[in-house]
**Q** 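First the structure, which I've put down as structure tokens, then a few questions once you've had a look.
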Amino acid sequence: MPELPEVETIRLGLAPVLEGRRIVRVEQRRRDLRFPLPDRFVERLTGRRIERLERRAKYILIHLDGDEVLAVHLGMTGRFSVSARGKRARECATFRYPQRGGAKHDHLVFFISGGAVVTYNDARRFGYMTLIAGPDLTHNPYLRGLGVEPLSADLNAAYLARRAHGKRADVKALLMDQRIIAGIGNIYACEALFRAGIDPCKPAARLATKSEAPTPLAGRLVAAVQAVLKQAIGAGGSTLRDYQQADGRVGNFQSQFQIYGREGEPCLRPSCRGTVRRKTQGGRSTFYCPVCQR
DNA sequence: AAGAACTCCTGTTGGC
DNA sequence: TGCCAACAGGAGTTCT
């Protein structure tokens with residue numbers, strides 16, 4: 001799926017198209033994605049004004065008038081594309097339907113006032129949408145219990161040490177645990193651990209001392225996480241297989257991967273003679289350099 | 001009760 | 001070319 005940088009990029013692409021507009025019509029082509037769509041979904045969206053778009057973890061939160069929020073999780077393959085109808089089509093020349101995927105898994109189509117058409121496509125249907133009565137979102141089962149935003153001041157060495165203390169799980173699992181830090185997936189976990197020079201299999205507990213104080217590892221990891229996420233957002237996210245931005249453009253960060261997908265290639269750390277290895281951790285691929293990640 | 005395993009679904013890729 | 005297995009960026013649920 002899109003991880004935090006991809007979701008943020010999509011939010012940035014959708015915001016100017018949606019904010020301040022109304023949903024004039026919704027085409028719902030199936031009753032469920034990963035989970036059933038909300039009851040009377042079309043009816044509850046039609047005519048609503050979109051106030052603003054926000055991101056929380058990997059969720060796009062579409063704030064509607066009347067204090068209701070459409071929360072969207074893209075799962076692994078969910079994507080939005082923006083096109084236009086009528087005379088707005090010419091003004092939106094840069095907006096194109098996605099080149100891949102086509103109409104086959106276009107499950108929802110939102111017609112927006114002013115002429116934009118926003119299509120939700122999701123081949124594997126691991127994505128989901130829910131309507132939350134706001135303004136307090138913290139009671140929602142999906143959002144409740146999410147950990148800190150990694151790019152906020154809430155993520156710091158002391159916090160990480162506190163949450164890692166006594167944990168037997170490995171540090172990569174900790175990074176990907178949405179209840180601790182929200183928004184990091186497999187790719188950025190690998191990249192952050194490489195940049196921090198930390199072995200993904202190291203026990204998470206090593207981030208903290210017996211008294212829950214942060215070890216130097218914790219500080220390095222926080223810095224690496226924040227640096228890689230910021231860099232990826234700056235590049236418009238990464239484009240692999242299914243992800244693309246709302247306007248059909250692709251992100252560029254995949255060209256800046258230092259470890260992900262590089263099995264068998266030389267480690268990019270200066271003066272390191274290691275070779276990138278791949279192993280399976282918790283059922284997913286971990287890429288790492290056995291020489292400089294200790 | 002933490003942590004691992006399983007599960008949803010479809011498409012792509014690589015080996016034979 | 002065809003067939004089949006392995007794999008893909010997630011995370012809720014079920015197990016041990």
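In what follows, chains are A, B, ... by sequence order, proteins preceding strands, each numbered from 1.
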**Q** Does A:D32 pair with A:R30 as a salt bridge, N-O distance under 4.0 Å?
**A** yes
**Q** Taking the six-membered ring for Trp, does A:F126 stack with C:dG10 (centroid gap under 5.5 Å, planes within less than 30°)?
**A** yes
**Q** For A:H107 and B:dC8, what is the distance between atoms NE2 and C1' respectively, to the nearest whole Å?
**A**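 Rounding to the nearest Å, NE2 of A:H107 and C1' of B:dC8 are 13 Å apart.
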**Q** Any protein N or O atoms within reach of nucleotides 1-4 of chain B? Criterion: under 3.5 Å, listing atom names and distances.
**A**
| from | atom 1 | to | atom 2 | distance (Å) |
| --- | --- | --- | --- | --- |
| B:dG3 | OP1 | A:R168 | N | 2.7 |
| B:dG3 | OP1 | A:A169 | N | 3.3 |

**Q** Hey, is A:E68 close enough to A:R48 for a salt bridge, meaning N to O under 4.0 Å?
**A**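 Yes, this pair counts.
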**Q** For C:dC7 versus B:dA5, give the span between their P atoms, rounded off to a whole number of Å.
**A** 15 Å
**Q** Could you list all N or O pairs between the protein and nucleotides 12-15 of chain C that sit under 3.5 Å apart?
**A**
| from | atom 1 | to | atom 2 | distance (Å) |
| --- | --- | --- | --- | --- |
| C:dG12 | O4' | A:R34 | NH2 | 3.4 |

**Q** A:R278 has a side chain; which of C:dC7, C:dG10, B:dG11 sits nearest to it?
**A**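 Of C:dC7, C:dG10, B:dG11, C:dC7 is nearest to the side chain of A:R278.
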**Q** Return no unless some side-chain N or O of A:R124 is found under 4.0 Å from OP1 or OP2 of B:dG11.
**A** no
**Q** What pairs meet the side chain to side chain donor-acceptor pair (under 3.5 Å) rule with one or both residues in residues 193-213 of chain A, with sequence neighbours excluded?
**A**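 As it turns out, the side chain to side chain donor-acceptor pair (under 3.5 Å) pairs with a partner in residues 193-213 of chain A, which skip direct neighbours, are A:E191-A:R195, A:R195-A:Q231, A:T209-A:S211.
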**Q** Given a 3.5 Å cut-off on both pairing distances, which stems involving DNA chain B, each at least three consecutive Watson-Crick or G-U pairs, are present, if any?
**A** B:2-8 with C:10-16, B:10-16 with C:2-8
**Q** Tell me every residue that passes salt bridge (Lys or Arg N to Asp or Glu O under 4.0 Å) with A:R40, counting only those two or more places apart in sequence or in another chain.
**A** A:E43
**Q** Separation of A:M176 atom CE from C:dA8 atom P, in whole Å?
**A**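 Taking CE of A:M176 and P of C:dA8, I get 11 Å after rounding.
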**Q** Answer whether the closest heavy-atom distance between the side chains of A:E263 and A:F287 falls below 4.5 Å.
**A**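 When only atoms from C-beta onward are counted, A:F287 and A:E263 do touch, with a gap below 4.5 Å.
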**Q** Taking atom P of C:dC7 as reference, at what distance in whole Å does atom CG of A:N186 sit?
**A**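 So the CG-P distance, A:N186 to C:dC7, works out to 13 Å.
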**Q** Identify, with sequence neighbours excluded, every residue that meets salt bridge (Lys or Arg N to Asp or Glu O under 4.0 Å) alongside A:D67.
**A**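 With neighbours one apart ignored, the set is empty.
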